[in-house]
Amino acid sequence: MLTHKSTLGDVLAHPLGRDIIHRLLLQMGVSRQTVDNPLVRQLPLSALPTLTRGRLDGAFLDTLVTLLNGETARPGAPTGRYEPTWWKEALFYQIYPKSFKDSNGDGIGDLPGILEQLDYLQTLGVDALWLSPIYDSPMADNGYDIRDYRKILAQYGTMADFRELLTEVHRRGMKLIMDLVINHSSDEHPWFQEALKDPASPQSNYYLFRDQPNNWTSFFGGSAWRYFPQRNQWALHLFADKQMDLNWEEPALRRELHTMIRDWLELGVDGFRLDVINYISKSAALPDGNPAIGKLMGYFGIEHYFYGPHLHDHLRELHQEAFAPYGAFTVGETPGIGRQCAKLLTAKSRGELDLVFPFDHLMVPGKDRFDEYRYDLNYLKNFYIEWMEDGPEWMALFFENHDNPRPISVIDPDPAHREHIAKLLALILLTLRGTTFLFQGQELGLVNQNFTDISQLRDVESLNFYDQWRQTMDEAAAFRKVLNGTRDHARTPMPWTDAIHGGFTTGIPWIPLDEDHKTCNARAQLGKADSVLNFYRQLIALRKAHPALIYGDVRFMDPLVRDRFNWQRIHGEETLFVECNLSNKPIRRSAFRPTGHCLLSNYPDEPADRLRPYEAILWKP
Ligand code: ISL
Ligand code: CA
């Protein structure tokens, strides 16, 4: 049992404690080394408030101690053996259906549009598709607000279209996973409507109604509570005010979800990406969030649900009741989960999830998505070194999704480096150990959109924040801040050709796209030997041809040298070597630099004794 008298060292020895301390340091922009100091480790927890100059307080310690005492499991030692499984070898590709391909000219991507492009995906070497939500929805958050879990959104097509898509995916030897949004449903879901109409109905307990709101805030701005006069009560929504949090402590709700999931598996889907799945279990009494933590993290209440009391129980039950009987693959979206808890969530013996998406590599210490900053790739390097050396046995490798700006723009917006960086990132993501997830357009090296006016943005998060910031900032400053982080950068139509609207639609797209598609589009890149797209195709083919790139051990070479990121993949007789320059300047090559055959490089000729800006090479020594 931990108490206020326990030392910082005791906390760091606890898996959840270690993850929480690391996350808080990241948020404060304080180096990890601070807590590596043995003297600091001997300090009692009660010294934390002083140590952090009041950024953490005594009340937080109570929450911390309660959280830690609630987790008695410890991750097992790594086995170093990787049981071959399809999803370890597969390359996943995330489709944002609204923006992928419009088949009928209404300006909105759809299922027949995806079907049209299956050959493109197959030629690229994609093995599995993840579809962002395609269920019936009022689209307050582009489908992450589900009105009917069993129906396809009319704009996207019909159930017949979905069956055809699934058949065609399978016919090509590919798999398909769905997005499962079960932390919350739309307020238009019949369950919620029934709960509003009749507080005595069984559905009433499917949501979190309270007579009084607590101080929790929504990720999309403002209070996390919405008032419903029908019941003279408030209901919890961690996201938009049309996304009502489900009450996972209600067994009848869980049973409904299990049945719904099994129905999709009966239809033949191969697995799921589980939206914010680590948020499903909330502290029973829904207590106020600690204000110090709220201020530090930007959200109040998070400590009461990011790793809630019954998280593991619910996941195990989901696995047993729904996923396991079908051998379904699962990857959890788990913001705020660190390395140690990731081990617990994905250990095969524990029967919860196959993989989790961590997020700490998408931010740099002390900054958030809406700050103006340059992303230092050395941060990505350190993140991967730590996760490969002491993380879950298998991890999800990704750097883009529908919730973040395009990273090339955040790393270095100089157009001269665009393709080099795109290929460098490709090499990192496809030659480290783990399952790679690409996001649509990443294979073309897409960059942020050149939005010029707030009226061009669509995302509920961006629009809410803009309104909020406008109260203290002028229009230009608020717009600039939104542009730093808006999720819409990743949500504009996929540029297929240099035609109007990138050939995405014959109509008017639901969100405009800038002029970039005139030069950067799939068709142009297919015809250009050294394009980003062809680099991806070659790299994916190499990954399939060399088991070392999948199952091989990873050995990092001179990990402490800044801007240099080098590693080996070793499997049986075969060793491959990756050499990268993470900076925009030439750097001296490693003493370990390999000789041999260059399998793939982002420059046309081999380097001499220096690596050029963002140079990245895969060697077979
Ligand atoms: O809240 C965050 C911190 O800013 C985010 O990381 C958040 O946890 C994450 O964006 C959750 O994303 C998922 O759930 C949302 C949805 O809007 C996103 O598109 C989805 O990926 C609500 O369903
Ligand atoms: Ca359409």
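Note that the structure is a prediction, hence the values are computed from the model and not measured. Just so you know, ligand 1 is whichever comes first in the structure, and atom 1 is the first atom listed for that ligand. We use all heavy atoms of the structure for the numbers below, so side chains are in, but hydrogens, waters and symmetry mates are not.
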Item to complete: For R374 and D376, run salt bridge (Lys or Arg N to Asp or Glu O under 4.0 Å): C-alpha distance rounded to whole Å, both residues' side-chain angles, the deciding distance at 0.1 Å, then the answer.
Response: CA-CA 6 Å; R374 291 279 149 257; D376 180 352; over 6 Å; no
Any heavy atom of H237 under 4.0 Å from ligand 1? The part involved is neither
* Backbone or side chain, does any N or O of E333 fall under 3.5 Å from an N or O of ligand 1? -> yes
The reported gap from CZ in F100 to OG in S132 (rounded to nearest 0.5 angstrom) is 12.0 Å
Separation between CZ (F504) and CD1 (I511), nearest 0.5 Å, reads 10.0 Å
Among non-hydrogen protein atoms, atom 7 (C) of ligand 1 lies closest to F239 CE2, 4.0 Å
Result, protein N, O or S atoms below 3.0 Å from the Ca ion (ligand 2), excl. waters, equals 5
Ligand 1 atoms nearer than 4.0 angstrom to some heavy atom of R487 are 16 (C), 17 (O), 18 (C), 19 (O)
Ring centers of F383, F359 separated by less than 6.0 Å: no
Note: heavy atom closest to atom 6 (O) of ligand 1, options P133, G336, P335, belongs to P335
Exercise. Please say whether more than 12 non-hydrogen atoms of neighbouring residues, nucleotides or ligands are located less than 6.0 Å from CG in L267.
Key: yes
Quick note on ligand 1: atoms under 4.0 Å from a heavy atom of R491 include exactly 19 (O)
* Asked: Okay, side chain of D110, backbone of Y156: is any donor-acceptor separation there less than 3.5 Å?
  -> no
_Would you say Y93 and Q442 are linked by a side-chain donor-acceptor pair, where the criterion is simply a distance under 3.5 Å?_
no
Atom 19 (O) of ligand 1 sits nearest the protein heavy atom D403 OD1, 2.7 Å
Note: ligand 1 atoms sitting under 4.0 Å from heavy atoms of F220 are 17 (O)
With sequence neighbours left out, the residues meeting side-chain contact (heavy atoms from CB on, under 4.5 Å) with E194 are K197, D198, S201, Q203
Looking only at protein heavy atoms, what sits closest to atom 17 (O) of ligand 1 is D141 OD2, 2.5 Å
Partner of W234 under ring-ring contact (aromatic ring centres under 6.0 Å, His included), picked from Y227, W225, Y207, F228, is Y227
Any heavy atom of F370 under 4.0 Å from ligand 1? The part involved is neither
Looking only at heavy atoms of M363, does any of them come nearer than 4.0 Å to an atom of ligand 1?
no
Any Q243 heavy atom less than 4.0 Å to ligand 1
yes
Ranking F306, F359, Y299, F219 by closest non-hydrogen atom to atom 4 (O) of ligand 1, top hit is Y299
Near Y279 (heavy-atom distance under 4.0 Å), the atoms of ligand 1 are 8 (O)
Nearest non-hydrogen contact to atom 23 (O) of ligand 1 from the set I146, D179, T334, D275 belongs to D275
Below 6.0 angstrom between ring centroids: does that apply to F370 and W469? yes
For H184, the ligand 1 atoms with a heavy-atom partner under 4.0 Å come out as 22 (C), 23 (O)
Atoms of ligand 1 under 4.0 Å from any heavy atom of H402, numbered from 1 in the order shown, are 18 (C), 19 (O), 20 (C), 21 (O)
Do Y305 and W216 have their ring centres less than 6.0 Å from each other?
yes
Only one of F357, W87, F439 passes ring-ring contact (aromatic ring centres under 6.0 Å, His included) with W130, and that residue is F357
- For residues F219 and Y279, establish whether the separation of their ring centroids is below 6.0 Å. yes
Original post:
Do you see a donor-acceptor pair shorter than 3.5 Å between the side chains of W394 and T346?
Top reply: no
